[in-house]
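Atoms considered below: every heavy atom in the structure, side chains included; atoms not considered: hydrogens, waters and symmetry mates.
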Amino acid sequence: MVKIPNPANDNFFEKVYAIARQIPYGKVTSYGAIAKAIGSAQSARMVGWAMNGAHNREDVPAHRVVNRFGLLTGKHHFDGTNLMQQLLENEGIEVTDNQVVDFEKHFWMPEVQ
């Protein structure tokens with residue numbers, strides 16, 4: 001089956017990646033926060049799909065995007081069992097039971113575009 005590119009989705013994904021690239025080292029944001037920032041507040045799930053495709057891209061820090069409660073819901077898209085957690089911990093973010101500890105402290109809200 002050949003996947004036909006959808007320019008609307010590709011543009012959406014690129015907007016998501018542009019926001020994700022801005023997440024500061026040692027911070028995390030949520031799928032919903034990214035969706036809101038790109039003017040599509042109801043599209044958190046679509047942001048998740050974009051991030052699923054970004055885990056192997058070195059230019060997109062996909063490990064810094066978690067759900068609204070700080071859960072590492074995208075971790076199964078990373079190579080290895082705990083790579084997402086390890087990447088966050090390397091940035092000084094504590095993770096316990098697949099959840100960012102002190103989520104509010106580490107949360108970064110992107111600016112609305």
Side-chain angles (χ1 to χ4, degrees):
M1 181 175 181
V2 175
K3 182 182 176 197
I4 300 170
N6 180 338
N9 281 350
D10 291 344
N11 189 25
F12 181 90
F13 282 24
E14 288 306 317
K15 288 179 184 178
V16 169
Y17 300 152
I19 295 292
R21 286 184 194 103
Q22 297 175 41
I23 305 168
Y25 182 92
K27 295 289 184 180
V28 294
T29 197
S30 67
Y31 305 106
I34 291 175
K36 184 176 181 182
I38 62 173
S40 190
Q42 301 300 315
S43 299
R45 187 165 297 196
M46 193 70 171
V47 171
W49 282 105
M51 297 315 299
N52 290 348
H55 68 278
N56 285 332
R57 292 180 58 159
E58 291 182 20
D59 65 324
V60 179
H63 65 285
R64 295 181 187 151
V65 183
V66 297
N67 83 357
R68 64 185 171 160
F69 303 112
L71 290 169
L72 310 188
T73 52
K75 76 176 204 156
H76 58 282
H77 293 284
F78 288 81
D79 294 332
T81 54
N82 290 317
L83 181 58
M84 184 177 186
Q85 179 173 338
Q86 291 169 344
L87 291 168
L88 290 171
E89 288 175 342
N90 287 345
E91 295 185 20
I93 298 172
E94 184 181 348
V95 176
T96 301
D97 295 327
N98 294 315
Q99 187 168 16
V100 173
V101 176
D102 293 327
F103 179 58
E104 297 79 19
K105 172 184 161 191
H106 297 289
F107 184 77
W108 174 76
M109 177 60 91
E111 290 186 31
V112 176
Q113 297 183 344

Would you say the side chain of L72 lies within less than 4.5 Å of the side chain of V100, judging by non-hydrogen atoms? yes
Give a yes or no on whether F107 and L71 share a hydrophobic cluster (residues Ile, Leu, Val, Met, Phe, Trp, Tyr; joining criterion: side-chain heavy atoms under 4.5 Å apart). no
Give, for atom NZ of K36 and atom CD of Q42, the distance between the pair rounded to the nearest 0.5 Å. 11.0 Å
Flag, side chain of Y17 to backbone of A50, donor-acceptor distance under 3.5 Å: yes
T29 side chain to W108 main-chain N or O, any donor-acceptor pair under 3.5 Å? yes
Do the side chains of M84 and V66 get nearer than 4.5 Å, heavy atoms only? yes
R64 and Y25, any side-chain heavy atoms less than 4.5 Å apart: yes
Applying the 4.5 Å side-chain criterion to the ILVMFWY set and letting contacts propagate, would I23 and I93 be lumped into a single cluster? no
Please tell me if the side chains of R57 and R21 come closer than 4.5 Å, counting only heavy atoms from C-beta onward. yes
How close do A20 and P61 get, heavy atom to heavy atom, and via which atoms? O-CG, 3.1 Å
Does some side-chain heavy atom of K15 sit less than 4.5 Å from a side-chain heavy atom of I34? no
Is the shortest heavy-atom distance from the side chain of F78 to the side chain of Q85 under 4.5 Å? no
Could you tell me whether the side chain of D97 and the main chain of Q99 form a donor-acceptor pair under 3.5 Å? no
Compare all side-chain heavy atoms of K75 with those of N82 and state whether any distance is below 4.5 angstrom. yes
So, do I38 and F12 sit near enough that their side-chain heavy atoms are less than 4.5 Å apart? yes
